[in-house]
There are 2 protein chains.
Amino acid sequence: MDDINRIVAVNLKKIREKNKLSLENLSELTGVSKSMLGQIERGESNPTLQTIWKIATGLKISLTSLIVSTKPEAEIINKSNISPIVEDEGRFRIYPMFPFDYEKRFEVLNIELDPGAASYSEPHDENTEEHVLVQEGEFTIKINGDTYRVKAGDAIRYRADKDHAYYNLSDKLTKISMVIYYPNIIIKE
Amino acid sequence: MDDINRIVAVNLKKIREKNKLSLENLSELTGVSKSMLGQIERGESNPTLQTIWKIATGLKISLTSLIVSTKPEAEIINKSNISPIVEDEGRFRIYPMFPFDYEKRFEVLNIELDPGAASYSEPHDENTEEHVLVQEGEFTIKINGDTYRVKAGDAIRYRADKDHAYYNLSDKLTKISMVIYYPNIIIKE
DNA sequence: AGATGATGAACAATATAACGCACAATTTGA
DNA sequence: TCAAATTGTGCGTTATATTGTTCATCATCT
């Protein structure tokens, strides 16, 4: 079950109990069956936009208030809880430590490259920038035909709106951290 | 198809075209199949919260920006486009002319009561207020045992957090307009 | 204690969201 | 001018959202 559904689960339950409503009351108020409401509160369902909308308007609250999550002051992210995105047959493993947040407009990844690992990346949107800290081993990147080798302890920053490729040309494991900044390309209206 | 889905339909299409993305591009970006994206843009589908979430994060925009609708400066609401809520076997017809909006916190209804029509209403939340303008005929309301008769041209306001019942005790059609104000009962956290 | 009513969870049935594939229309480009 | 690629739509299939109903648990009377 997805992250977003957990959020609405706890929010909805909190709001319902705050207002001393039973599932049946809420059902009459929103026009959504109480079984569905129960499943949503338990995080067992992936509701439809229409359903979420009916719940929000039935409760006379904004849809946004169902999907906001009040983040704790501090929180620990365990690597073991993060499912990595793998490329190059498992030799290239991306751990999204701090996923993209449209307000902060950046994300933070840890990446492991086995010896010989290679990964190619399509150009991102204009002015997207990647910041790489090499933690262990040696990191090689090719941008627009130019090749850069970066050693442990060093760092590199580059615009990612061109084709680029990552390599670990050494014979031992390479670990890097990457901060990607995405400018807000959507121009409203 | 519901209102909210039309909104995301036009918003999504606008954003996609603004960024010069094909359905296939957007599909790769979001992990949602292009057939689904096409259906959403055409308003033919009622997407899942998970899907909307994937689209928003894939585009690096807030989920809110997909569900906001920039209302036109002015707009005409046709009675014929509104499907009434009927009670008392069709003798009591409610037309939601301006549906509830959580920002404005009120809604505006037109109600028609055939001769002899009666409708009972559960108590609303505390401090909810109803404002009635009698346009035609005669309107009778019973609140907490007290009975009020209101004639055309007159008006009545009352707290709706008690049991109350509406009647048309006359022998001709009665038309009223009702403005219901809902205080914000949800206390965050 | 036992009956009654209310509440949330479990189950079965149906409607439909979501996907992969194929097709038609349009654009590209040589 | 004709292939080749790209784009959006349509269709069949699968997974699952949503509903109505049943069931277990608990509180409240008499």
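In what follows, chains carry the letters A, B, and so on, assigned in the order in which the sequence lines appear, proteins first and then strands, with residues in each chain numbered from 1.
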In whole Å, I'd like the distance from the [atom1] atom of [X] to the [atom2] atom of [N].
{"X": "A/Glu24", "N": "D/dT22", "atom1": "CD", "atom2": "C1'", "value": "14 Å"}
{"X": "A/Leu23", "N": "D/dT18", "atom1": "CG", "atom2": "P", "value": "15 Å"}
{"X": "B/Ile40", "N": "D/dT9", "atom1": "CD1", "atom2": "P", "value": "13 Å"}
{"X": "A/Asn46", "N": "D/dT18", "atom1": "CG", "atom2": "C1'", "value": "12 Å"}
{"X": "B/Glu41", "N": "C/dA18", "atom1": "CD", "atom2": "C1'", "value": "16 Å"}
{"X": "B/Leu26", "N": "D/dG8", "atom1": "CG", "atom2": "C1'", "value": "13 Å"}
{"X": "A/Asn25", "N": "C/dT7", "atom1": "CG", "atom2": "C1'", "value": "10 Å"}
{"X": "A/Ile52", "N": "D/dA17", "atom1": "CD1", "atom2": "P", "value": "12 Å"}

Would you please confirm or rule out a distance under 4.0 Å between OP1 or OP2 of [N] and any side-chain N or O of [X]?
{"X": "A/Arg42", "N": "C/dG8", "answer": "no"}
{"X": "B/Thr48", "N": "D/dA17", "answer": "no"}
{"X": "B/Arg16", "N": "D/dG8", "answer": "yes"}

In a check of side chain to side chain contact (heavy atoms under 4.5 Å, CB included) between B/Tyr167 and each of B/Thr147, B/Thr174, B/Ile141, B/Thr140, which one passes?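 The single option meeting the side chain to side chain contact (heavy atoms under 4.5 Å, CB included) with B/Tyr167 is B/Thr140.
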
Given 3.5 Å as the limit, does a donor-acceptor pair link the side chain of A/Arg93 with the main chain of A/Glu112, or not?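 Not a single qualifying donor-acceptor pair exists.
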
Hey, which of A/Phe100, A/Tyr102, A/Phe106 is the one that makes ring-ring contact (aromatic ring centres under 6.0 Å, His included) with A/Tyr182?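 With A/Tyr182 as partner, A/Phe100, A/Tyr102, A/Phe106 yield a single ring-ring contact (aromatic ring centres under 6.0 Å, His included), made by A/Phe100.
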
Take atom CZ in B/Arg42; do more than 12 heavy atoms of anything else shown fall under 6.0 Å from it?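 Above 12, so yes.
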
Measuring from B/Asn25:CG to B/Ser27:OG, what's the distance to the nearest 0.5 Å?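 The CG atom of B/Asn25 sits 9.0 Å away from the OG atom of B/Ser27.
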
Using the test salt bridge (charged side-chain N to carboxylate O under 4.0 Å, His left out), find all partners of A/Lys172 that sit at least two apart in sequence or belong to another chain.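 A/Lys172 satisfies salt bridge (charged side-chain N to carboxylate O under 4.0 Å, His left out) with no residue once adjacent residues are dropped.
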
Could you say whether B/Leu49 or A/Gly38 is positioned toward the 5' end of DNA chain C, judged by the nucleotide with the nearest heavy atom to each?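 Nearest-nucleotide comparison on DNA chain C picks A/Gly38.
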
Specify whether A/Phe92 and A/Tyr166 have parallel, tilted or perpendicular ring planes, treating 30° as the upper limit for parallel and 60° as the lower limit for perpendicular.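 Parallel, since the angle between the ring planes stays under 30°.
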
Does the protein touch nucleotides 19-24 of chain C at the base, only the backbone, or not at all? Give it as B, S and - per nucleotide, heavy atoms under 4.0 Å. BB----

